[in-house]
Protein chains: 2
Amino acid sequence: MKKADKHKKILAAAIHVFGEKGFYNARISDIAKEAKVADGTIYLYFNNKHDILLTLFEEEIGKLIVQIKGAIAEEKDPRKMLKIFAHNHMKLVIEKKELAEVLQMELRQSSAPIKQYRNTSFADYINIISDIIHMGQEIKVFRSNLMPGVIKRAFFGALDEMSRLWILAPDNTYSMTECAEQITNIFLHGIVPAESH
Amino acid sequence: MKKADKHKKILAAAIHVFGEKGFYNARISDIAKEAKVADGTIYLYFNNKHDILLTLFEEEIGKLIVQIKGAIAEEKDPRKMLKIFAHNHMKLVIEKKELAEVLQMELRQSSAPIKQYRNTSFADYINIISDIIHMGQEIKVFRSNLMPGVIKRAFFGALDEMSRLWILAPDNTYSMTECAEQITNIFLHGIVPAESH
DNA sequence: TACTAAAATGAATGGTTATTCATTATTTAG
DNA sequence: CTAAATAATGAATAACCATTCATTTTAGTA
């Protein structure tokens, strides 16, 4: 097995174990067992336990950004782009449930190295939203008195909190597709009926 | 000092220490030092480290619920109630920064005892939102094709994600008052201008 | 004040686990 | 095929820290 493959294998195992038990309750030996390598082998590929988590953030969020940017690229209408973003986000949560769990749990930790990733990969991810908002404001399909920096966090936060429900109880009455639809609808048109605006 | 006072003192210290270092990096001796008691004393008031966290959830979220319900009680218009909720939530984050940090970090952990609190105190808190939505749908000031169970999570998630920015960097350009205002506005009226609905 | 019960103390214990490194296995090259 | 070099192993190490409990201090009472 090539070096890069083992690197991947260990990261995949880490996603599984961190997702299941959380970073602090996960043992290196759990990850080693899951990856079918010896405990010591992990230290040939990563400096320490934290390094595994940070590498995971960097590499996996990077992939998500590429994925979601690709999905949006063909669309020109910012309103539809927002909808595509929402659906894609939910799709990723479902397809990569364990990764989603790790990100939801560990990206909230406010230790110094985590803060760093809030400022790089993760920021890039939610800046996709503010780019869409900007675009919409330029061509006047979005109100320009709303701050993109607020909207991006609000929209992401809404999707994220909703997806948490599915992660905690996947057999839920709400389908994530329906949720993505409703959340986009709320953000675009509000919960107040059109005639009363 | 009365028993109840020492209980409070230890909990206050725990909020401080958990908020600063996170639950897993916090040592019992840190909490003891902060509360100015001996390590062993903590075990006269709490069963173990986890028990401190759970007690903290239960008691503190309980207070928040009372506080925010009081703030809303006088208002009849669900649109305004939503606004009051948002402002109050942000106010609580600012006034109880350390508690907010603990809740944001630890309520995301998906270990069994945490899941329990997602289902009790915390659920009560965000159900305040869905109650408002229901009310608004009854009197037709809110669209009834949107699910309260989705809106409550979306609204809370939006506020929560926005407040995280302030917690990580309190000297921020966005005022939390302005954010509460904008988020409520987005949820009520959408980001699309009124004429294009 | 003296005695007893309750509360508080903090050093010692014991379990846990990230990390290391001497040893073994595998790969590469001549 | 043989010998170096490279990679992998997993038992041993070395903290670390939650929890306990024998001892001391404080509070209550008569």
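Just so we're on the same page: letters track the sequence lines, and every chain starts at 1.
Arg108(B) has a carboxylate O that lies under 4.0 Å from a charged side-chain N of Asp160(B), or vice versa, which qualifies the two as a salt bridge. Under the 4.0 Å criterion applied to side-chain N and carboxylate O atoms, Glu101(A) and Lys21(A) are not assigned as salt-bridge partners.
OP1 and OP2 of dA7(C) both lie 4.0 Å or more from every side-chain N or O belonging to Tyr45(B).
Considering only the side chain of Lys49(A), dT19(C) comes nearest among dA18(D), dT19(C), dG10(C). When each of dG10(C), dT9(C), dA8(D) is scored by its nearest atom to the side-chain atoms of Lys6(A), the top-ranked nucleotide is dA8(D). Side chain of Thr41(A), nearest nucleotide from dT9(D), dT9(C), dT17(C): dT9(D). Here the nucleotide nearest the side chain of Tyr43(B), chosen from dA18(D), dA18(C), dG10(D), is dA18(D). The nucleotide whose nearest atom lies closest to any side-chain atom of Leu44(A) is, among dA7(D), dT19(D), dT9(C), dA7(D).
In this structure, CG in Asn127(A) is found 10.5 Å from NE2 in His134(A), a value given to the nearest 0.5 Å.
Following rounding to the nearest Å, Leu53(A) (CG) and dA18(C) (P) show an atom-to-atom distance of 13 Å. In this structure, CG of Asp39(A) is placed 16 Å from C1' of dT23(C), rounded to the nearest angstrom. Nucleotide dA7(C) holds its P atom 16 Å from the NZ atom of Lys9(B), rounded to whole Å. Across the protein-nucleic acid pair, Ile52(A) atom CD1 and dA18(C) atom C1' stand 10 Å apart, rounded to whole Å. For the pair Ile28(B) CD1 and dG15(C) C1', the computed distance is 16 Å after rounding to whole Å. Asp5(A) places its CG atom 11 Å from the P atom of dA8(D), with the value rounded to the nearest Å. For the pair Asn48(A) CG and dT20(C) C1', the interatomic distance rounds to 13 Å; values are reported in whole Å. We find that OH of Tyr24(B) is positioned 17 Å from C1' of dA18(C), with the value rounded to whole Å.
The hydrophobic cluster containing Met81(A) also contains Ile65(A), counting ILVMFWY residues as joined when their side-chain heavy atoms lie under 4.5 angstrom apart, directly or transitively.
Screening Val17(B), Leu11(B), Val37(B) for a side chain to side chain contact (heavy atoms under 4.5 Å, CB included) involving Ile31(B) leaves a single residue, Val17(B).
The 5' end of DNA chain C is approached more closely, in terms of each residue's nearest nucleotide, by Val37(B) than by the other of Val37(B) and Ser29(A).
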